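For reference, the structure discussed in these notes is given below.
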Amino acid sequence: MLNWLHPLHGGEAFGLTGRLLALVAGILPTILFTTGFMRWSRRRNNSERRTLAKFAGPNERPRGT
């Protein structure tokens with residue numbers, strides 16, 4: 001069992017398929033973080049625009065539009 005720990009961790013145990021699976025599993029958290037941050041940022045900007053539009057006078061336009 002101990003001899004299998006390193007090959008399983010690096011994906012060497014299952015050949016090219018295992019290595020590709022290890023690659024995808026390693027890159028996936030970065031992709032999920034990036035897309036999550038982009039969605040959060042976009043939602044935050046939209047809510048700020050709505051708040052500014054609510055309190056703007058009739059002749060004022062909110063910033064960013």
Side-chain angles (χ1 to χ4, degrees):
M1 180 67 175
L2 291 176
N3 291 337
W4 263 65
L5 288 179
H6 181 69
L8 280 176
H9 182 76
E12 299 168 14
F14 299 109
L16 182 61
T17 304
R19 288 181 184 185
L20 291 175
L21 207 63
L23 175 71
V24 169
I27 292 175
L28 193 60
T30 304
I31 293 170
L32 290 173
F33 174 79
T34 303
T35 57
F37 180 79
M38 289 169 52
R39 289 178 57 102
W40 171 81
S41 176
R42 198 172 290 158
R43 182 178 296 164
R44 182 175 176 216
N45 288 339
N46 286 340
S47 69
E48 286 177 0
R49 284 186 190 151
R50 275 187 251 130
T51 303
L52 289 173
K54 184 188 300 184
F55 294 110
N59 295 329
E60 298 177 25
R61 290 180 49 186
R63 285 181 268 153
T65 58

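Just so you know, residue 1 is the first one in the sequence shown, and it goes up from there. Just so we're clear, the structure is a prediction, and the values are computed from it rather than from any experiment.
No donor-acceptor pair closer than 3.5 Å links the side chain of Ser41 to the backbone N or O of Phe37.
Considering CD1 of Ile27 and CG of Leu32, their distance stands at 12.0 Å, rounded to 0.5 Å. The structure places CG of Leu16 at 11.0 Å from CG of Leu21, a figure rounded to the nearest 0.5 Å. To the nearest 0.5 Å, atom CZ of residue Arg39 and atom OG1 of residue Thr35 are 8.0 Å apart.
Cluster annotation: Ile31 is not connected to Trp40 through the hydrophobic network of ILVMFWY side chains, with a link wherever side-chain heavy atoms come within less than 4.5 Å.
The heavy-atom pair separating Pro29 from Ala25 by the smallest distance is CD-O, 3.2 Å.
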